[in-house]
Amino acid sequence: MTNNIDHLKNDILKLKKEKNALILAHLYQNPEIQEIADYTGDSYYLSELAMNSDKDFIVFCGVKFMADSAKILSPEKTVILPAVESSCPMADMAIPEDLEDMIAKHPDALKVCYINSSYEVKALCDVSVTSSSAIEILKNVDNNKILFLPDKNLGEYLSEFFPEKEFILWNGFCPTHHRIEKESILNMKKLHPNALVLTHPECRKEVREISDYVGSTSGIIKFATENQCSEYIICTESGILYSLEKNNPNKKFYFPENIVCPNMKKTRLEDVYKALSEEVEEITLDENIRKKALISLENMHKLGK
């Protein structure tokens with residue numbers, strides 16, 4: 001079995017060179033996918049890498065909205081999503097038609113969408129944000145009324161930094177982060193009393209409140225790498241363990257039970273090989289909608305500086 005996997009990896013790397021391709025993998029992907037990637041990271045960081053790369057063939061190992069974001073930024077490039085059926089349940093909770101109704105009810109609100117949104121939703125919003133850039137962006141807007149979607153947990157977290165602003169929150173959430181429970185973390189603390197709790201803001205408030213650090217996926221890795229503590233309880237998707245252990249071989253990391261995003265695990269080495277060899281599952285976007293979605297991403301850059 002190991003020989004087959006190694007053989008497949010070698011075939012992928014050979015094809016990648018022949019096609020002059022770039023392989024990108026989100027930090028929640030399976031270890032074997034992260035191993036063959038040129039870069040791993042958060043979704044928007046990877047989209048920027050795709051945009052700035054001299055490669056015209058991009059294999060994006062993640063979920064649909066991530067590959068869409070890469071295509072929004074690089075319409076001239078071929079962007080492939082190997083596991084084409086891998087969607088994001090939270091992104092799917094924001095339906096464009098429902099958003100249009102919400103906008104009509106709150107015409108004076110700044111429309112802010114999390115990067116974890118479809119490109120159709122981005123096209124209806126004023127600015128996109130990432131979990132790491134959102135606070136800085138909201139500091140730079142004058143609006144006192146914010147319509148935030150789709151993640152109510154992240155929106156609630158952001159609202160705590162801006163008590164002067166009114167937040168209208170969409171009733172969406174990440175099923176993986178949302179099922180992390182406070183009681184589970186407290187029980188883990190009893191077993192590992194010296195461990196620090198590092199939490200993604202997509203988790204519920206009760207979990208964030210008992211955490212030592214709240215931040216993005218890359219922020220959690222950075223904190224664990226720079227901090228002197230040797231043990232950590234990690235409240236985010238378990239795929240991050242690959243990068244945590246790679247950067248910190250002498251530290252220990254504990255996860256709540258079964259914190260796995262099934263969609264992030266759909267990408268197989270066979271899918272990556274097929275994407276490269278047959279050039280299938282290419283991302284195509286409606287150009288008029290893409291241009292509108294691009295504005296929300298451009299505003300993210302402007303307001304995040």
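Keep in mind the model is a prediction, meaning the values are calculated, not measured.
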Do [X] and [Y] have side-chain heavy atoms sitting under 4.5 Å apart?
{"X": "Phe173", "Y": "Met93", "value": "yes"}
{"X": "Met300", "Y": "Ser133", "value": "yes"}
{"X": "Ile115", "Y": "Ser69", "value": "yes"}
{"X": "Leu99", "Y": "Val121", "value": "yes"}
{"X": "Tyr114", "Y": "Pro150", "value": "yes"}
{"X": "Glu206", "Y": "Ile210", "value": "no"}
{"X": "Leu13", "Y": "Asp11", "value": "no"}
{"X": "Leu73", "Y": "Tyr44", "value": "yes"}

Taking [X] first and then [Y], would you say they form a salt bridge - that is, a charged N and a carboxylate O separated by under 4.0 Å?
{"X": "Lys292", "Y": "Glu120", "value": "no"}
{"X": "Glu298", "Y": "Lys291", "value": "no"}
{"X": "Lys77", "Y": "Asp56", "value": "no"}
{"X": "Arg290", "Y": "Asp68", "value": "no"}
{"X": "Arg268", "Y": "Asp271", "value": "yes"}
{"X": "Lys251", "Y": "Glu231", "value": "no"}
{"X": "Lys222", "Y": "Glu226", "value": "yes"}
{"X": "Lys182", "Y": "Glu209", "value": "no"}

Test of ring centre spacing under 6.0 Å for Phe167 and Phe148 =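 No, the ring centres sit 6.0 Å or more apart.
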
inquiry  = Aromatic contact between His7 and Tyr273, with the criterion being ring centroids under 6.0 Å apart: yes or no?
reply    =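 Not close enough - the centres of the two rings lie 6.0 Å or further apart.
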
Are the side chain of [X] and the backbone N or O of [Y] linked by a donor-acceptor pair below 3.5 Å?
{"X": "Asn248", "Y": "Asn250", "result": "no"}
{"X": "Asn299", "Y": "Asp126", "result": "yes"}
{"X": "Arg208", "Y": "Glu202", "result": "no"}
{"X": "Lys265", "Y": "Tyr28", "result": "yes"}
{"X": "Asn20", "Y": "Lys16", "result": "no"}
{"X": "Asn227", "Y": "Cys229", "result": "yes"}
{"X": "Glu181", "Y": "Val207", "result": "no"}

query = With under 30° as parallel and over 60° as perpendicular, where do the rings of His177 and His200 fit, or are they tilted in between?
reply =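 Tilted, since the angle between the ring planes falls between 30° and 60°.
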
Plane angle bin for Phe253 and Tyr232 - parallel if under 30°, tilted between 30 and 60°, otherwise perpendicular =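 Judged by the thresholds at 30° and 60°, the geometry between Tyr232 and Phe253 is parallel.
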
Distance-only polar pair, side chains of [X] and [Y], donor-acceptor under 3.5 Å:
{"X": "Tyr45", "Y": "Thr130", "answer": "no"}
{"X": "Asn263", "Y": "Ser86", "answer": "no"}
{"X": "Glu237", "Y": "His26", "answer": "no"}

Of all the heavy-atom pairs spanning [X] and [Y], show the shortest one and how long it is.
{"X": "Ile259", "Y": "Pro256", "value": "CG1-O, 3.4 Å"}
{"X": "Pro82", "Y": "Thr267", "value": "CB-CG2, 4.1 Å"}
{"X": "Thr40", "Y": "Leu46", "value": "C-CD2, 3.8 Å"}
{"X": "Ala195", "Y": "Asp212", "value": "O-OD2, 4.4 Å"}
{"X": "Ala293", "Y": "Tyr119", "value": "CB-O, 3.5 Å"}
{"X": "Leu81", "Y": "Ile283", "value": "CB-CD1, 4.0 Å"}

Counting only heavy atoms not in [X] (residues, nucleotides, ligands), do more than 12 fall under 6.0 Å from its [atom1]?
{"X": "Lys274", "atom1": "NZ", "result": "no"}
{"X": "Glu164", "atom1": "CD", "result": "yes"}
{"X": "Glu257", "atom1": "CD", "result": "no"}
{"X": "Tyr39", "atom1": "OH", "result": "no"}

key: Lys19/Glu279 under salt bridge (Lys or Arg N to Asp or Glu O under 4.0 Å): CA gap, chis, key distance, verdict   = CA-CA 10 Å; Lys19 300 270 186 176; Glu279 300 187 17; 2.8 Å; yes

Look at the side-chain heavy atoms of Ile, Leu, Val, Met, Phe, Trp and Tyr, link any pair under 4.5 Å apart, and say whether [X] and [Y] land in one connected group.
{"X": "Val214", "Y": "Ile185", "answer": "no"}
{"X": "Val260", "Y": "Phe255", "answer": "no"}
{"X": "Ile33", "Y": "Val84", "answer": "no"}
{"X": "Ile80", "Y": "Leu276", "answer": "yes"}
{"X": "Phe65", "Y": "Val112", "answer": "yes"}

Rounded to the nearest 0.5 Å, what separates atom [atom1] in [X] from atom [atom2] in [Y]?
{"X": "Ile234", "Y": "Leu241", "atom1": "CD1", "atom2": "CG", "result": "8.5 Å"}
{"X": "Leu196", "Y": "Ser211", "atom1": "CG", "atom2": "OG", "result": "10.5 Å"}
{"X": "Leu149", "Y": "Leu124", "atom1": "CG", "atom2": "CG", "result": "9.0 Å"}
{"X": "Asp38", "Y": "Lys55", "atom1": "CG", "atom2": "NZ", "result": "6.0 Å"}
{"X": "Leu27", "Y": "Met264", "atom1": "CG", "atom2": "CE", "result": "9.0 Å"}
{"X": "Ser131", "Y": "Asp151", "atom1": "OG", "atom2": "CG", "result": "9.5 Å"}

ask   = Can you list the steps and then say if Glu48 with His301 is a side-chain hydrogen bond (donor to acceptor under 3.5 Å, both in side chains)?
value = CA-CA 11 Å; Glu48 284 189 310; His301 278 287; 3.3 Å; yes

ask   = Taking it one step at a time, do Lys9 and Glu35 satisfy salt bridge (Lys or Arg N to Asp or Glu O under 4.0 Å)?
value = CA-CA 9 Å; Lys9 287 179 181 176; Glu35 284 173 6; 2.3 Å; yes

inquiry  = As a quick check of understanding, evaluate side chain to side chain contact (heavy atoms under 4.5 Å, CB included) for Leu138 and Asn140, giving each step before the final call.
reply    = CA-CA 5 Å; Leu138 291 177; Asn140 292 326; over 6 Å; no

request  = Apply side chain to side chain contact (heavy atoms under 4.5 Å, CB included) to the pair Ile36 and Leu269, showing each step before the final yes or no.
outcome  = CA-CA 9 Å; Ile36 52 96; Leu269 289 172; 4.0 Å; yes

ask   = Under the salt bridge (Lys or Arg N to Asp or Glu O under 4.0 Å) criterion, do Glu156 and Arg204 qualify, and how do the steps go?
value = CA-CA 9 Å; Glu156 182 183 56; Arg204 287 181 284 182; over 6 Å; no

